[in-house]
Amino acid sequence: MPSKELANGLPAEVIMESSYVQNGETHHHVFEEKGRVVYMNNSYYIRYEEKFTGEAAVPVTVKINPNGTVNLIRRGEFLTRLTFNSDEVTETQYKTAAGIMPIKIDTQNLKISYYDRPFAGRMSVDYALYFNGEKLGSYQIRLRFTT
């Protein structure tokens with residue numbers, strides 16, 4: 001059972017790394033931010049803001065569910081919600097300037113681990129996105145947090 005402090009939320013150091021290959025090009029981003037970890041309704045919520053030079057910060061929430069699925073929510077110019085489930089392909093509605101695109105998320109690898117003293121965790125996910133049966137790209141996310 002998580003500590004009472006975690007139920008109220010604890011400050012955390014959050015490192016989010018993302019890599020992806022689209023159209024043969026590889027991209028890599030690393031965010032090292034101050035965030036917050038909260039345990040609520042049997043799920044862990046890791047919240048932080050992605051900061052880009054000269055742009056508004058983008059609030060991000062990673063929800064780790066008790067069934068082992070993970071939700072990634074980014075509130076940028078458009079709201080993005082991705083659900084990672086290693087047991088089945090999931091779907092989302094991706095909003096763009098051109099309209100809404102139905103996207104399929106094929107999670108190939110999803111690992112989550114936690115550590116005590118101080119409370120910390122890691123999450124890694126490898127996945128591919130598809131639109132109309134066509135692969136848009138391959139993606140990797142590595143999240144580390146320490147309270």
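On a predicted model such as this, the values are computed, not experimentally measured, just so you know. Count residues from 1 along the sequence.
With hydrogens and angles disregarded, no donor-acceptor distance shorter than 3.5 Å links the side chain of T92 to the backbone of Y94. Remark: the backbone N or O of N85 is paired with a side-chain donor or acceptor of T107 at under 3.5 angstrom.
Contact detail for R36 and G9: the closest heavy-atom pair is NH2-O, 3.1 Å. When all heavy atoms are compared, the tightest approach of A57 to P59 is O-CD, 3.6 Å. The two residues G137 and Q22 come nearest to each other via the heavy atoms CA-CG, 4.3 Å.
Going from atom NE2 of H28 over to atom OG of S18 covers 7.5 Å, rounded to the nearest 0.5 Å. Here R117 contributes atom CZ and T147 contributes atom OG1; the two are 12.0 Å apart, rounded to the nearest 0.5 Å. Once rounded to the nearest 0.5 Å, the distance linking CE of M101 with CG of L129 reads 9.0 Å. Distance CG/L143 to CE/M16: 5.0 Å, rounded to 0.5 Å. Within the model, atoms OH of Y39 and CZ of F119 stand 9.5 Å from one another, a figure rounded to the nearest 0.5 Å. Here CD of E49 is found 13.5 Å from NZ of K34. Values are rounded to the nearest 0.5 Å.
The cluster map of Ile, Leu, Val, Met, Phe, Trp and Tyr, joined by side-chain heavy atoms under 4.5 Å apart, puts V38 and V62 in different clusters. Residues F131 and F78 do not share a hydrophobic cluster, defined by chaining ILVMFWY side chains whose heavy atoms lie under 4.5 Å apart. Follow the hydrophobic side-chain contacts under 4.5 Å out from F52 and you never reach I15; the two are in separate clusters. Cluster annotation: I112 is connected to L10 through the hydrophobic network of ILVMFWY side chains, with a link wherever side-chain heavy atoms come within less than 4.5 Å. M40 and V60 fall into different hydrophobic clusters, defined by Ile, Leu, Val, Met, Phe, Trp and Tyr side-chain heavy atoms under 4.5 Å apart, directly or through other members.
Taking 4.5 Å as the limit, some side-chain heavy atom of H29 sits within range of a side-chain heavy atom of Y20. Counting heavy atoms from C-beta on, the side chains of V125 and M123 come closer than 4.5 Å. Side-chain atoms of Y44 and Y114, non-hydrogen and from C-beta on, do get closer than 4.5 Å to each other.
Atom CD of Q93 sits in a crowded spot, with more than 12 heavy atoms from other residues, nucleotides or ligands closer than 6.0 Å. No more than 12 heavy atoms of other residues, nucleotides or ligands shown are found within 6.0 angstrom of NZ on K111. Residue Q108 qualifies as enclosed at atom CD: its count of foreign heavy atoms under 6.0 Å is above 12.
Just one residue in the list F84, Y130, Y127 forms a ring-ring contact (aromatic ring centres under 6.0 Å, His included) with Y139, and that residue is Y127.
Sorted by first and then second residue, the salt bridge (charged side-chain N to carboxylate O under 4.0 Å, His left out) pairs involving residues 80-101 (not counting sequence neighbours) are E91-K104.
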Under 3.5 Å, side-chain donor or acceptor atoms of residues 68-75 against the rest of the protein: list the pairs with distances, not counting sequence neighbours.
from, atom 1, to, atom 2, distance (Å)
T69, OG1, N65, ND2, 3.1
T69, OG1, N67, OD1, 2.7
N71, OD1, N65, ND2, 2.8
N71, ND2, T83, OG1, 2.9
R74, NE, E50, OE1, 3.1
R74, NH2, E50, OE1, 2.7

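Salt-bridge annotation for R144 and E17: present, with a side-chain N of the basic residue lying under 4.0 Å from a carboxylate O of the acidic one.
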**Item:** Residues Y45, S43; criterion side-chain hydrogen bond (donor to acceptor under 3.5 Å, both in side chains); working and verdict
**Value:** CA-CA 6 Å; Y45 294 81; S43 297; 4.9 Å; no

